[in-house]
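The structure follows.
Naming: A, B, ... by sequence-line order, numbering from 1 per chain. Note that the structure is predicted; figures quoted are calculated from it, not measured.
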2 protein chains.
Amino acid sequence: MFSKATEYALRATIFIAQKGTEDNKIGIGEISKAIDSPPSFTAKILQALRKNNKIIRSVSGPNGGFYMTEKMRKLPVRAILEAMGENEMLDKCVLGLEKCSETKPCPMHSKYKIIKEQLIELFETKTIQHLADDIKNGAVFINNKSK
Amino acid sequence: MFSKATEYALRATIFIAQKGTEDNKIGIGEISKAIDSPPSFTAKILQALRKNNKIIRSVSGPNGGFYMTEKMRKLPVRAILEAMGENEMLDKCVLGLEKCSETKPCPMHSKYKIIKEQLIELFETKTIQHLADDIKNGAVFINNKSK
DNA sequence: ATAATTAAGGACAAATTTATCCTTAATTAT
DNA sequence: ATAATTAAGGATAAATTTGTCCTTAATTAT
Ligand code: FES
Ligand code: FES
């Protein structure tokens, strides 16, 4: 559904929301271990989420790392998708027509549209905070690596 | 949602179902023009759909080209997705966990699962024939290129 | 001030996906 | 038989995505 980069962005952000505060910042090492992602690549992605999109914060130096403010935690999942350029995906024709449109739709459009709307609603109503809380509550996971 | 290759596969197959019969085969030139796809790449894809997956048929030589039998037209969209290796996509965790599972789910799982099931049902119940018929009936299109 | 720690940033490498081109094989028409 | 037409198949190229590594900058502790 999403690119690797977006998957890492989502998992990392959820993990930071769960563990990172201004006075307990999380390093890239801990993050990439927790979410099972390549550290350098993940660092690149977090850099972008910080710089261009203000979805997370970071500080360099000892005890530095990543964290989120309350406000940032309340962002919907969709904010991360937008930051990662997956917005197009949520607006794309399932058969790859140039444009998903009501006036010149593909033969999957009428049925697919209904499902796509549910996806969008899910991504717009779920916040990072919700997801982080679910993990704290214990029934769900941010990593299910077998070994 | 799907790769370019899969999008071309779907559109090409729908177009062949709509126009190609044993005594009116469609050439790769006409197909790629109709669905707005790169001819050589499309040819590769159709080759595979023919050879490994028996979703379409073809013959070389003058008046050669691609076509489908009645039986082939009745295949669900999912058959093409399977042939194109997109099966994994329909079984994948939306956050990219190693495995989408009920026992160690990600925090999006419970809500996402419901939507994913609708997608799967759509792909399993819609047949190529249905989609081709919709185009014949005139309200939908296999190409909406602007220029 | 100096050393230690951690993210930022840039350059580069590997892998995958998308795409093209050319030769061969199959089929048909003359 | 020969020529013409069309898909099959292989080699290769271009583009994109994924990933690594190294140096620099920022921050903190001594
Ligand atoms: S036109 Fe294809 S999904 Fe809307
Ligand atoms: S575990 Fe993530 S979608 Fe099922």
Side-chain angles (χ1 to χ4, degrees), chain A residues 1-13 15-16 19-20 22-33 35-68 83-86 88-89 96, chain B residues 1-13 15-16 19-20 22-33 35-68 83-86 88-89 96:
Chain A
M1 162 133 273
F2 300 122
S3 68
K4 287 280 174 201
T6 298
E7 291 174 355
Y8 299 150
L10 289 166
R11 301 218 298 278
T13 306
F15 185 72
I16 294 166
K19 297 257 190 166
E22 182 150 14
D23 35 57
N24 182 30
K25 309 187 197 75
I26 317 285
I28 191 66
E30 190 182 344
I31 294 168
S32 62
K33 198 174 167 192
I35 71 170
D36 184 30
S37 71
S40 300
F41 191 34
T42 309
K44 276 280 139 67
I45 293 161
L46 294 185
Q47 223 175 96
L49 288 182
R50 183 216 181 180
K51 194 179 180 190
N52 310 320
N53 306 107
K54 291 122 194 243
I55 285 171
I56 56 178
R57 285 197 184 155
S58 72
V59 301
S60 300
N63 300 311
F66 297 86
Y67 68 100
M68 293 172 87
M84 297 301 296
E86 299 271 9
E88 188 217 10
M89 194 240 120
Chain B
M1 164 131 274
F2 300 122
S3 67
K4 287 279 174 202
T6 298
E7 290 173 356
Y8 299 151
L10 289 167
R11 301 217 299 278
T13 306
F15 184 72
I16 294 165
K19 297 257 190 166
E22 182 149 16
D23 35 55
N24 183 31
K25 309 187 198 77
I26 318 284
I28 190 64
E30 189 182 344
I31 293 168
S32 61
K33 197 173 168 193
I35 70 171
D36 185 30
S37 70
S40 300
F41 190 35
T42 309
K44 277 279 139 66
I45 293 162
L46 294 185
Q47 222 175 97
L49 288 182
R50 182 215 182 183
K51 194 180 180 191
N52 311 319
N53 306 106
K54 291 122 196 243
I55 286 172
I56 56 179
R57 285 197 184 156
S58 72
V59 302
S60 300
N63 301 312
F66 298 86
Y67 68 100
M68 293 172 87
M84 296 301 296
E86 298 271 10
E88 187 217 10
M89 193 240 121

Considering every strand and a 4.0 Å limit on heavy-atom distances, what is the contact class for A:Gly65: base, sugar-phosphate, or nothing?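 It contacts sugar-phosphate atoms only.
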If the cut-off is 4.0 Å, is B:Arg50 near the phosphate of D:dA7, judged by side-chain N/O to OP1 or OP2? no
Go through C:dG9, C:dT20, D:dT18 for me and flag the one nearest to the B:Pro38 side chain. C:dT20
Once you round it to whole Å, what is the distance between P of C:dA25 and CD of B:Gln47?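 Atom CD in B:Gln47 sits about 14 Å away from atom P in C:dA25.
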How close or far is atom C1' of C:dT20 from atom CD1 of B:Ile45, stated in whole angstroms? 13 Å
For D:dA26, give the paired nucleotide (Watson-Crick: N1-N3 plus N6-O4 or O6-N4; G-U: N1-O2 and O6-N3; both under 3.5 Å), or none. C:dT5
Dump the intermediate steps for side chain to side chain contact (heavy atoms under 4.5 Å, CB included) on A:Ile56 and A:Tyr67, then the final yes or no. CA-CA 6 Å; A:Ile56 56 178; A:Tyr67 68 100; over 6 Å; no
With distance as the sole criterion, do the side chain of A:Lys51 and the base of C:dG9 form a donor-acceptor contact below 3.5 Å?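 A donor-acceptor contact between them is absent.
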Could you tell me the separation between the CD1 atom of B:Ile26 and the P atom of D:dA7, rounded to a whole number of Å? 10 Å
Nearest nucleotide by nearest heavy atom, which residue falls closer to the 5' end of DNA chain D, A:Ser3 or A:Gly61? A:Ser3
Which is more 5' along DNA chain D, the nucleotide nearest A:Lys25 or the one nearest B:Val59? Just name the residue. B:Val59
Hey, does B:Ser58 reach any base, or is it just sugar-phosphate, or nothing, if we go heavy atoms under 4.0 Å?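 Touches sugar-phosphate only.
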Using atom CE of B:Met84 as one end and atom P of C:dT17 as the other, report the distance to the nearest whole Å.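 About 11 Å, once rounded to whole Å.
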Scan A:Ile28 against the nucleic acid and name what it touches under 4.0 Å (heavy atoms): base, sugar-phosphate only, or nothing.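 Counting heavy atoms under 4.0 Å across all strands, the contact made by A:Ile28 is with sugar-phosphate only.
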Interatomic distance, B:Phe66 CZ vs D:dT5 P [rounded to whole Å]: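 From B:Phe66 CZ to D:dT5 P: 18 Å.
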Which residue lies toward the 5' end of DNA chain C, B:Phe2 or A:Gly29, if each is placed at its nearest nucleotide?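 Upstream on the strand: A:Gly29.
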Interatomic distance, B:Asp23 CG vs C:dT28 C1' [rounded to whole Å]: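 For the pair B:Asp23 CG and C:dT28 C1', the rounded distance is 15 Å.
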Could you go step by step and tell me if A:Ile31 and A:Phe66 meet the side chain to side chain contact (heavy atoms under 4.5 Å, CB included) rule? CA-CA 9 Å; A:Ile31 294 168; A:Phe66 297 86; 3.8 Å; yes
Distance, rounded to the nearest Å, where B:Leu46 contributes CG and D:dA8 contributes P: 8 Å
Is any side-chain nitrogen or oxygen of B:Ser60 closer than 4.0 Å to OP1 or OP2 of D:dT5? no
Return no unless some side-chain N or O of B:Tyr8 is found under 4.0 Å from OP1 or OP2 of C:dA19. yes
Determine the contact category for B:Ala43: base if any of its heavy atoms lies under 4.0 Å from a base atom, sugar-phosphate if only primed atoms, P, OP1 or OP2 are that close, otherwise nothing.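 No contact.
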How many Å lie between NZ on A:Lys4 and P on D:dT18, as a whole number?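 After rounding, the gap between these two atoms is 8 Å.
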Under 4.0 Å from OP1 or OP2 of C:dA4: is there any side-chain N or O of A:Asn63 that close? no
Between B:Ser37 and B:Thr42, is a side-chain hydrogen bond (donor to acceptor under 3.5 Å, both in side chains) present by the stated rule, with each step listed? CA-CA 7 Å; B:Ser37 70; B:Thr42 309; 2.6 Å; yes
So among A:Met84, A:Lys4, A:Arg50, A:Glu7, which one has a side-chain contact (heavy atoms from CB on, under 4.5 Å) with A:Ile45? A:Met84
